[in-house]
Protein chains: 2
Amino acid sequence: MLAQEMIDAMSKRGLRVTDQRRTLARLFAEAPGYLSAKDVYDEMGKTYGGLSFDTVYRNLRVLQEMDVLEQFVFEDGVKFKAHCREHGHHHHAICLHCEKTYAVPFCPLDIQVELPQGFSVVKHKFELFGYCEACGPQAEAGGAGR
Amino acid sequence: MLAQEMIDAMSKRGLRVTDQRRTLARLFAEAPGYLSAKDVYDEMGKTYGGLSFDTVYRNLRVLQEMDVLEQFVFEDGVKFKAHCREHGHHHHAICLHCEKTYAVPFCPLDIQVELPQGFSVVKHKFELFGYCEACGPQAEAGGAGR
DNA sequence: GTCAATGCAAAGGTTTTGCATGATG
DNA sequence: CATCATGCAAAACCTTTGCATTGAC
């Protein structure tokens, strides 16, 4: 998602386009992978001296509620990335090194999965973790495993 | 997993079997679903007056490191349950109402999933969320969704 | 000018750590 | 009786909330 698209989305929904939000949009548009609230705070802090944590949280939340950002609960905390442009239902392969995500069009539920007796599925998760072509398995040593 | 098995596992690994750990084992052996640290604290607090949070956390961590307990990161926090007895690789269907988990023997990776170019998989998740036969879809209203 | 966004301060919740006390093997 | 587990207190951490000020439209 381009920074401009995110900004337009905010504007269209009646949110005010501030300097900070422009920078936030650019940050996520350019980020290769996921960013935690702290990542965002640190990165934005370089530009904005008196930046405060609550503003970062507020903006992350607003943007997530607008579907501009996607939230993902990692074992070491919540992180965000720009909403992916992939159309239709799909899943993700996430690189443990660069945390970039790749679309996986296949969905396990499209085939006949044997469910527990009488279980009705509401939601499902299917995620692959590993190393992408660019990072390669050699990245494993210093990887972001866990 | 039976409470006695958990206790034996602790003993075997040189941990001391205290009253509290016995109760903890029983609690997880009897719990239908997942328990958060707070759930455990509240439940154990009924029996132990001066129970402290740090002890609960310490024991949960120790038991998890010993593979007696399984940890699961829900969107609303970390929860624990007794390690499941299912043999071999499998996945889980989790009831959003009672949080009980059911084994799903099928694994998506057993069939030919088209992966991103050059992606090497290290780990994967496949989880189903919904309502089990006992709870039924009617539980949805008061369910533990989110 | 009006209303939303920000910064500041403070609070709430969760999890961890250090140290004296008490219980287990 | 040596050591580990516990309770207590306090801290660290993450996230949220209320209020005055600043800035966008």
Side-chain angles (χ1 to χ4, degrees), chain A residues 4 6-28 34-66 68-69 71-80 146, chain B residues 4 6-28 34-66 68-69 71-80 146:
Chain A
Q4 192 56 49
M6 300 197 221
I7 292 168
D8 291 348
M10 293 191 232
S11 177
K12 208 175 92 186
R13 293 253 203 144
L15 295 184
R16 293 189 177 162
V17 178
T18 64
D19 253 29
Q20 228 181 90
R21 283 179 176 165
R22 249 189 292 269
T23 307
L24 192 64
R26 221 175 311 122
L27 181 59
F28 275 105
Y34 286 87
L35 298 173
S36 67
K38 189 169 182 313
D39 291 337
V40 173
Y41 177 75
D42 290 345
E43 197 56 42
M44 303 253 308
K46 291 178 187 171
T47 313
Y48 301 93
L51 181 67
S52 59
F53 245 112
D54 46 277
T55 306
V56 171
Y57 277 106
R58 266 187 296 236
N59 280 329
L60 288 175
R61 180 140 49 115
V62 168
L63 291 185
Q64 190 238 315
E65 282 167 359
M66 286 175 52
V68 167
L69 295 183
Q71 195 180 29
F72 191 95
V73 180
F74 285 90
E75 307 217 339
D76 67 337
V78 175
K79 298 184 185 181
F80 299 84
R146 267 243 93 189
Chain B
Q4 193 55 49
M6 300 197 222
I7 292 168
D8 291 348
M10 294 191 231
S11 177
K12 210 175 91 186
R13 294 253 203 143
L15 295 184
R16 292 191 176 159
V17 179
T18 64
D19 253 27
Q20 227 181 90
R21 283 178 177 166
R22 248 188 294 268
T23 306
L24 193 63
R26 220 175 313 121
L27 180 59
F28 275 105
Y34 285 87
L35 298 173
S36 67
K38 188 168 182 316
D39 291 338
V40 173
Y41 177 75
D42 291 345
E43 197 55 43
M44 303 253 308
K46 291 177 186 170
T47 315
Y48 302 92
L51 181 66
S52 58
F53 245 113
D54 45 277
T55 307
V56 171
Y57 277 104
R58 266 185 297 237
N59 281 329
L60 288 176
R61 180 140 48 116
V62 168
L63 292 185
Q64 189 237 316
E65 282 167 359
M66 286 174 53
V68 167
L69 294 183
Q71 196 180 27
F72 191 95
V73 181
F74 285 90
E75 306 218 339
D76 67 336
V78 175
K79 297 184 184 180
F80 300 84
R146 264 240 91 187

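Protein chains get the first letters and strands the later ones, always in sequence-line order, with residue 1 at the start of each.
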Q: To the nearest angstrom, how far is Y41(B) atom OH from dG7(D) atom P?
A: 9 Å

Q: Would you mind reporting whether D39(B) and Y34(B) have side-chain heavy atoms less than 4.5 Å apart?
A: no

Q: Starting at the 5' end of DNA chain C, which residue's closest nucleotide do you reach first, R58(B) or G50(A)?
A: G50(A)

Q: Is any side-chain N or O of Q20(B) closer than 4.0 Å to OP1 or OP2 of dG7(D)?
A: yes

Q: Does dG7(C) have OP1 or OP2 under 4.0 Å away from a side-chain N or O of T55(A)?
A: yes

Q: Salt bridge check: are D42(A) and K38(A) linked by an N-O gap of less than 4.0 Å?
A: yes

Q: Under 4.0 Å between any heavy atoms, over every strand shown, what does D19(A) touch: base, sugar-phosphate, or nothing? Just pick one.
A: nothing

Q: By nearest nucleotide on DNA chain D, pick out whichever of N59(B) and G77(A) is the more 5' one.
A: N59(B)

Q: For the residue pair Y41(A) and F53(A), does the interplanar ring angle fall in the parallel (under 30°), tilted (30 to 60°) or perpendicular (over 60°) class?
A: parallel

Q: For dT6(C), does OP1 or OP2 lie under 4.0 Å from any side-chain N or O of T18(A)?
A: yes

Q: Send over the distance from R21(A) CZ to dA24(D) C1', rounded to a whole Å.
A: 10 Å

Q: Rounded to the nearest angstrom, tell me the gap between atom CG in D54(B) and atom P in dT16(C).
A: 11 Å

Q: So, OP1 or OP2 of dC3(C): does either fall under 4.0 Å of a side-chain N or O from R16(A)?
A: no

Q: Please walk me through it: do L51(A) and Q20(A) pass side-chain contact (heavy atoms from CB on, under 4.5 Å)?
A: CA-CA 9 Å; L51(A) 181 67; Q20(A) 228 181 90; 3.4 Å; yes

Q: Rounded to whole angstrom units, what separation is found between the CZ atom of R22(A) and the C1' atom of dC25(D)?
A: 12 Å

Q: Is the distance from OP1 or OP2 of dT17(D) to the nearest side-chain N or O of R61(A) less than 4.0 Å?
A: yes

Q: Expressed in angstrom and rounded to an integer, what is the separation of R13(A) atom CZ from dA4(C) atom P?
A: 16 Å

Q: Between P on dA12(D) and NZ on K38(A), what's the gap in Å once rounded to a whole number?
A: 15 Å

